Engineer: 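For reference, the structure I am asking about is given below.
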There are 2 protein chains.
Amino acid sequence: MKKITISDVAKQANVSRSTVSQYLNHRFDYMGEKTRDRIEQVIEELGYQPNIVARSLKQKSTKTIGVIVANILHNFSTEVSRAIEDVCHEVDIHTIICNADDEPKKEKKYIDMLRAKQVDGLIIFPTGGNKQLYQNMIDENYPVVFVDRKVDGIPVSSIMLDNHKSSKLAVDHCVEKGYDQIGIITTSIIRDVTPRLERLEGYERALNNRGIPIREEYKKSVEIESIQSTLHEMLQQDNPPQAVIAGNDLALIEILKYVKGHRLAMPEDLAVLGIDDVSFASFYSPPITTIAQPTFEMGEKAATVLLGKIQKQETKDEGIDIRFDPMLIPREST
Amino acid sequence: MKKITISDVAKQANVSRSTVSQYLNHRFDYMGEKTRDRIEQVIEELGYQPNIVARSLKQKSTKTIGVIVANILHNFSTEVSRAIEDVCHEVDIHTIICNADDEPKKEKKYIDMLRAKQVDGLIIFPTGGNKQLYQNMIDENYPVVFVDRKVDGIPVSSIMLDNHKSSKLAVDHCVEKGYDQIGIITTSIIRDVTPRLERLEGYERALNNRGIPIREEYKKSVEIESIQSTLHEMLQQDNPPQAVIAGNDLALIEILKYVKGHRLAMPEDLAVLGIDDVSFASFYSPPITTIAQPTFEMGEKAATVLLGKIQKQETKDEGIDIRFDPMLIPREST
DNA sequence: CTGAAAGCGCTTACAG
DNA sequence: CTGAAAGCGCTTACAG
């Protein structure tokens, strides 16, 4: 069965293709009622579906945006993407989600691919490894917004957590629980990933505020595979931390695996607290204290800002970051 | 900065657009070397990127497939989708993932949308609520494959787990552990969802094989929101089950919440076992016995079958289902 | 109120 | 070895 086109409809309905097109685009202003009804009926009869590819080519808009997350394994990425989809869906914009897998090369591939597919704009959780590319998009006045991370020297607004505050919340909570030896473990910071850097900074500041000395042995940033061994070392010291903060959800899972493997009791042997919520936090044994990000609001904001840029054809922003407040959810692991 | 097109390249390189097109499509057979080099250089200089939308329109192929999962909340859906993406990526096919959210209406919307976008084929985890639509695609010789579920009367091959076997594995494992009062809770079967139906059947057969009588009070299929209360009732009976099988990952989570909330010890108070693996199974307290699906292989198979149909232009299959073996991962919750 | 014409950015026989 | 022409399926001024 061959694909039926607007010409088939036009012929069948005895009108020109333009008229059918008017119908499709709901420009009924000057259309005779019988004409409209006839077209409607023929479309129904033939099961005609307009070819969006052709329309996009002509209109120079695909009504589609792209989302490139740095790493889909983070719960945060999934939730933010979902929020973006929801918002876009409301206004009939489609969304294509891609996963850069923390590799700048893949990120570049997806940016090129999505732009070749003519998506109307891009929401990127930048790996940070493609500065030239980011800059090109700005120069070309192409609509982009960043999420979760910012890139030095690239004037694009980024939707981010107030990471300093999240660490402060974590540290203050630990102190209130009576711990003053507090460690933190984040995933690697070799690529200057904003949230990790800021959470580390925030951790130091919070300790300072509390008059607790900072100990390098309590503060580690390593590859995910090394988190368990790093924690092991940390706990083998003479004066091991009583509490440890996980820099993100993936780090938290590694820490929990270690705790489980070594049959430590939480919080008696080690208090554990994670930045980023995890699906099982509430029914884990014991339930895990976490610091959640307002993922829905953040995704919503990212979408709104991008759609604004697309609509207003004004892609310039002052690169002013938009920060969201973290939320402490105290549970029993601390 | 305006978008540059093939014409700009042609002009700049002093050749016709056709020649540039030949270059883009790697048809160098008859192209002068200097011509090729000149084009290459101009493209580089201008930062030209071909417009895929235009190409797709002409070639009548978008090199993109669509994947519509019934419900993205299932771990299974995510993992299968990832495998599909991986396979497609290898052969330069793009993938668009959509979530029907268990609603036939949304499913229809996405099928229509993806087809309007001219994707070359569709992998569907069918809700089952759009038989006419499925049938239309077959009639139109449009490439489709089903995953996880089959639809009565629709001759499309489906990639599925051997669900009977998964229940058998579960029941046999429980029996070997010394339990003979074994319950099962699945999510709702009002829409005849294949895996749920088959897992229930398999459960009954396995009990029969073992000579254990089937008790209706031990066998429940309810909405996700009612799982905890259903389990509560089940355990309040005179002769409550010693073990309960979760029909899928979402059911398992509800059961774990209940167990947690009522401070039951696993497996002493209640043995728990889930069909579908969950991310935290290995480090939960106690680690959860699960029956895993070979998600990667299943996604791979789905992609291969679909790509085959697309390539061979032969979309007919005998609707023969392809089954994969489940795998028991015994841990400490049973 | 409706139609003829041009054009979106490519690709593809075909001619030379 | 390269170019002119037609066409993919739409939309959009514009004319009448």
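Proteins get letters first, then strands, A, B, ... in listed order; numbering begins at 1 in each. All values derive from a computational prediction rather than experimental measurement. Values reported hereafter were calculated over all heavy atoms of this structure, with side chains retained and with hydrogens, waters and symmetry mates removed.
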Engineer: What is the nucleic acid contact for A:Thr35, judged by heavy atoms within less than 4.0 Å: base, sugar-phosphate only, or nothing?
Structural biologist: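 Sugar-phosphate: the residue A:Thr35, judged by heavy atoms under 4.0 Å, touches backbone atoms but no base.
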Engineer: Does a side-chain N or O of B:Gln59 approach OP1 or OP2 of C:dT12 to a distance below 4.0 Å, or not?
Structural biologist: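 Answer is yes, contact under 4.0 Å.
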Engineer: Relative to the ring of B:Phe76, is the ring of B:Phe125 parallel (under 30°), tilted (30 to 60°) or perpendicular (over 60°)?
Structural biologist: perpendicular
Engineer: Would you mind reading off the distance between B:Arg55 atom CZ and D:dG7 atom C1', rounded to a whole angstrom?
Structural biologist: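 Atom CZ in B:Arg55 sits about 17 Å away from atom C1' in D:dG7.
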Engineer: Should we say atom NZ of B:Lys117 is surrounded by more than 12 heavy atoms from elsewhere, each under 6.0 Å from it?
Structural biologist: yes
Engineer: In whole angstrom, what separates A:Gln22's CD from D:dC14's P?
Structural biologist: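 My rounded result for the distance is 14 Å.
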Engineer: With respect to the side chain of B:Val15, which nucleotide from D:dT11, D:dC8, D:dG3 is positioned closest?
Structural biologist: D:dG3
Engineer: From the set C:dG3, D:dA4, D:dC10, return the single nucleotide nearest to any side-chain atom of B:Ser18.
Structural biologist: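 When the side chain of B:Ser18 is considered, D:dA4 is the closest of C:dG3, D:dA4, D:dC10.
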Engineer: Kindly point out which of D:dG9, C:dT12, C:dT2 is positioned nearest to the side chain of A:Thr19?
Structural biologist: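 The listed nucleotide nearest to A:Thr19's side chain is C:dT2.
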Engineer: Is it true that a side-chain atom of A:Ser77 and a backbone atom of A:Asn71 form a donor plus acceptor pair closer than 3.5 Å?
Structural biologist: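 Indeed, once roles are kept as given, a pair shorter than 3.5 Å links the two residues.
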Engineer: May I ask you to evaluate whether A:Lys60 reaches the phosphate of C:dG9, defined as a side-chain N or O under 4.0 Å from OP1 or OP2?
Structural biologist: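 Answer yes for this pair, as a side-chain N or O of A:Lys60 is under 4.0 Å from OP1 or OP2.
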Engineer: Watson-Crick or G-U wobble partner for C:dA4, using a 3.5 Å limit on both distances?
Structural biologist: none
Engineer: Measure the distance from CG on B:Asp37 to C1' on D:dC1 and round it to the nearest whole Å.
Structural biologist: 15 Å
Engineer: Identify, between A:Arg17 and A:Lys34, the residue whose nearest nucleotide on DNA chain C lies closer to the 5' end.
Structural biologist: A:Lys34
Engineer: Can you tell me which nucleotide in C:dG9, D:dT12, D:dC10 comes closest to the side chain of A:Thr5?
Structural biologist: D:dC10
Engineer: Under 3.5 Å for both donor-acceptor distances, Watson-Crick or wobble: does C:dA13 have a partner, and if so which one?
Structural biologist: none
Engineer: Could you tell me the separation between the NE2 atom of A:His26 and the C1' atom of D:dT12, rounded to a whole number of Å?
Structural biologist: 17 Å
Engineer: Quickly work out the A:Asn14 CG to C:dG3 C1' distance and round it to whole Å.
Structural biologist: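 Rounding to the nearest Å, CG of A:Asn14 and C1' of C:dG3 are 13 Å apart.
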Engineer: Closest nucleotide of DNA chain D for B:Ala54 versus for B:Glu33: which of these residues is on the 5' side?
Structural biologist: B:Glu33
Engineer: Does a nitrogen or oxygen in the side chain of A:Lys58 sit under 4.0 Å from OP1 or OP2 of D:dC8?
Structural biologist: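 No, outside the criterion.
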Engineer: Quick check: on DNA chain D, is the nucleotide nearest B:Ser16 upstream (toward 5') of the one nearest A:Leu57, or the reverse? Name the residue that is more 5'.
Structural biologist: B:Ser16
Engineer: Applying side-chain contact (heavy atoms from CB on, under 4.5 Å) to A:Val145 and A:Ser157, what does each step give before you reach the verdict?
Structural biologist: CA-CA 6 Å; A:Val145 353; A:Ser157 288; 5.7 Å; no
Engineer: Remember a base hit wins even if backbone is also touched, and classify B:Tyr48 as base, sugar-phosphate or nothing at under 4.0 Å, heavy atoms.
Structural biologist: sugar-phosphate
Engineer: Between P on D:dG7 and CD1 on A:Ile6, what's the gap in Å once rounded to a whole number?
Structural biologist: 18 Å
Engineer: Measure from the side chain of B:Ser21, starting at C-beta and using heavy atoms only, and say which of C:dG9, D:dC10, C:dT11 lies closest.
Structural biologist: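 The closest nucleotide is C:dT11.
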Engineer: For the side chain of A:Asn51, counting heavy atoms from C-beta on, which of C:dG3, D:dG9, D:dT11 is nearest?
Structural biologist: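 My answer, after comparing the listed nucleotides, is D:dG9.
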Engineer: Take the protein atom CZ of A:Arg115 and the nucleotide atom C1' of C:dG9, then report the distance between them rounded to whole Å.
Structural biologist: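 From A:Arg115 CZ to C:dG9 C1': 16 Å.
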Engineer: What's the CD1-P distance between A:Ile43 and D:dC10, to the nearest Å?
Structural biologist: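 Rounded to whole Å, this separation is 10 Å.
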Engineer: What's the spacing between B:Asn25 CG and B:Arg55 CZ if we round to 0.5 Å?
Structural biologist: 5.5 Å
Engineer: Could you tell me whether the side chain of B:Arg17 and the main chain of B:Ala10 form a donor-acceptor pair under 3.5 Å?
Structural biologist: no
